[in-house]
Amino acid sequence: HDSYMVHEYILSWDMLSTLDQRLGLRKHFSSEKIDPISRLPLDASREDFLEYYRKRVRVDFDDASSITTISAQAFDPAMAQRIVKLIIAESERFTNRVGHQAAREQVNFIAGELQRAQAKVEKEKKRIIEFQNRNKVLSPEIDTKSISSLVASLNAELALKTAKRNSLATYLKSSSPELKQLDAEIASIKHQIRTEKSKMTGSGNKTALNHLDADFQELQMGLEFGSNLYRSTLASLETARIDASRKLKHLVLLEQAFLPETAEYPRRAYNIITFTVLTLMVYWIGKLAVATIRDHKD
């Protein structure tokens, strides 16, 4: 995908404009030292200039190996080499610019998601504080555990008092002061147990701790989810910021742009032979036409 994008970019007006600004390409191709047939006209339009450039620069891409070969024609070997070198440098800059643009868009998107995650965390915190203030409780779970522990200790104490009373009742009268004191203590413990249990199961208009605990756990889950989302989004934002600033891609050069020593164009022998053959063909066709006309006249 990147190779095809680079291919199109190399043959685009943006690349040609950069080459013209940096190397004076139009001036080079329009030089009066070049024969009129091969040079670019001085009044060539932008479209003509681009078409001329595409005839002078060739980009071949091998699908099997994913290797791109770039060649350039110029009327000076050093200029041809500079054209290829600058094309390579601008192509690498182009691929990174595209990657950085995508990374910046990703940064902006994640930054928006981070703000929403932060707003969600603040909202969940506010809901928990409102819940605590409304129900006059810091943590229903902690209160439930403490009450359960207290009820367990009261039940243990009740069992001891009951066992002691049953033991004394075997040889003391029910009207004895010791049994009456134990009965009073047992009744007080039972009342305390009922009172503590009523806090967990609810009594009157007061909401039970078990219901409060369920609601509080739901609020805590919302806060925990929001916090985890915020942390993961923050980590993603840092990663995206690094990608937006570092060099994302490299063009691996298998072969540097070399300075040509032998001119490949024009192909003098080929052009001379082609011109000679075409001239002879025109001559024989003309001669044949003249002979045909003379035969018709006769």
Side-chain angles (χ1 to χ4, degrees), residues 1-31 34 38-42 44-114 233-261 263-265:
H1 177 70
D2 292 336
S3 298
Y4 283 117
M5 282 200 307
V6 170
H7 187 163
E8 294 300 322
Y9 177 67
I10 291 174
L11 299 178
S12 69
W13 170 256
D14 291 339
M15 176 63 80
L16 176 57
S17 178
T18 301
L19 293 172
D20 189 27
Q21 292 176 6
R22 301 276 294 276
L23 302 178
L25 216 57
R26 181 187 284 268
K27 183 179 179 180
H28 173 76
F29 287 138
S30 303
S31 175
I34 305 170
S38 302
R39 71 186 176 204
L40 176 71
L42 291 174
S45 64
R46 170 175 165 174
E47 290 76 14
D48 293 337
F49 186 24
L50 180 60
E51 183 180 358
Y52 184 91
Y53 163 76
R54 289 176 175 174
K55 291 179 180 178
R56 295 294 181 267
V57 174
R58 180 175 177 179
V59 183
D60 296 316
F61 177 67
D62 186 356
D63 291 322
S65 62
S66 297
I67 294 177
T68 300
T69 304
I70 304 172
S71 58
Q73 298 178 18
F75 298 101
D76 177 72
M79 175 60 78
Q81 184 186 37
R82 288 197 295 269
I83 290 174
V84 174
K85 285 186 175 181
L86 186 55
I87 286 176
I88 293 172
E90 289 299 316
S91 297
E92 185 171 17
R93 192 175 292 111
F94 168 75
T95 56
N96 280 281
R97 184 168 68 246
V98 172
H100 288 155
Q101 180 179 355
R104 284 192 294 269
E105 292 177 358
Q106 184 75 357
V107 167
N108 294 334
F109 172 75
I110 297 178
E113 292 298 313
L114 183 65
T233 306
L234 183 61
S236 300
L237 179 61
E238 293 302 318
T239 302
R241 282 175 176 170
I242 293 174
D243 289 340
S245 59
R246 69 183 176 88
K247 193 173 185 180
L248 297 176
K249 297 178 181 180
H250 300 265
L251 295 184
V252 180
L253 295 182
L254 301 182
E255 183 179 358
Q256 295 287 344
F258 60 86
L259 183 68
E261 296 181 352
E264 185 176 355
Y265 299 98

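Only this structure's heavy atoms are used, side chains among them; waters, hydrogens and symmetry mates stay out. Here the structure is a predicted model, which is why all the values come from computation and not from measurement.
Contact record, Leu50 with Leu16: CA-CD2, 3.6 Å, taken as the closest heavy-atom pair. Residues Tyr53 and Leu25 share a closest heavy-atom pair of CD1-CD2, 4.0 Å. Residue Leu237 comes nearest to Leu114 through the heavy atom pair CD2-CD2, 3.5 Å, listed as atom of the first residue, atom of the second, then distance. The minimum heavy-atom distance between Ile10 and Val59, with the atom names listed, is CG2-CG2, 3.6 Å. The nearest pair of heavy atoms linking Ala72 to Val84 is CB-CG2, 3.7 Å. Closest non-hydrogen pair, Met79 versus Leu23, comes out as CE-O, 3.6 Å.
Two residues are said to be in side-chain contact when any heavy atoms from C-beta on lie closer than 4.5 Å; Asp60 and Thr68 fail this criterion. Residues Ser91 and Met15 form a side-chain contact, since some pair of their non-hydrogen atoms from C-beta on lies under 4.5 Å apart.
Aromatic ring pairs are classed by plane angle as parallel below 30°, tilted from 30° to 60° and perpendicular above 60°; the pair Tyr9 and Phe94 is parallel.
Separation of atoms NE2 (His28) and CZ (Arg39) is listed at 13.0 Å; rounding is to 0.5 Å. Taken from CD in Glu51 to CZ in Arg46, the straight-line distance is 14.5 Å, to the nearest 0.5 Å. Taken from CD1 in Ile34 to CG in Leu40, the straight-line distance is 9.0 Å, to the nearest 0.5 Å. Taken to the nearest 0.5 Å, the CZ atom of Arg93 stands 12.5 Å off from the CD1 atom of Ile88. Distance check, rounded to the nearest 0.5 Å: CG of Leu11 to CD1 of Ile87 gives 8.0 Å. Rounding to the nearest 0.5 Å gives a distance of 5.0 Å between OG of Ser30 and CG of Leu42.
Panel note: side chain Ser45, backbone Asp48; a donor-acceptor pair is recorded below 3.5 Å. Judged by distance alone, the side chain of Arg54 and the main-chain N or O of Ser12 form no donor-acceptor pair under 3.5 Å. Looking only at distances, no side-chain donor or acceptor of Ser31 sits under 3.5 Å from a matching main-chain atom of Lys27.
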Using side chain to side chain donor-acceptor pair (under 3.5 Å), reason through Tyr4 and Asp63 one step at a time and then give a plain yes or no. CA-CA 10 Å; Tyr4 283 117; Asp63 291 322; 2.6 Å; yes
Applying side-chain contact (heavy atoms from CB on, under 4.5 Å), run through Arg22 and Leu86 and close with a yes or a no. CA-CA 9 Å; Arg22 301 276 294 276; Leu86 186 55; 3.6 Å; yes
Does the pair Phe75 and Ser38 meet the rule for a side-chain contact (heavy atoms from CB on, under 4.5 Å), with working shown? CA-CA 10 Å; Phe75 298 101; Ser38 302; 4.1 Å; yes
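Remark: Phe61 CZ is packed, more than 12 non-hydrogen atoms of other residues, nucleotides or ligands lying under 6.0 Å away.
With no hydrogens or angles considered, no side-chain donor-acceptor pair links Ser17 and Asp20 at under 3.5 Å.
For the pair Arg56 and Tyr52, the cation-pi criterion (under 6.0 Å, within 45° of the ring axis) is fulfilled.
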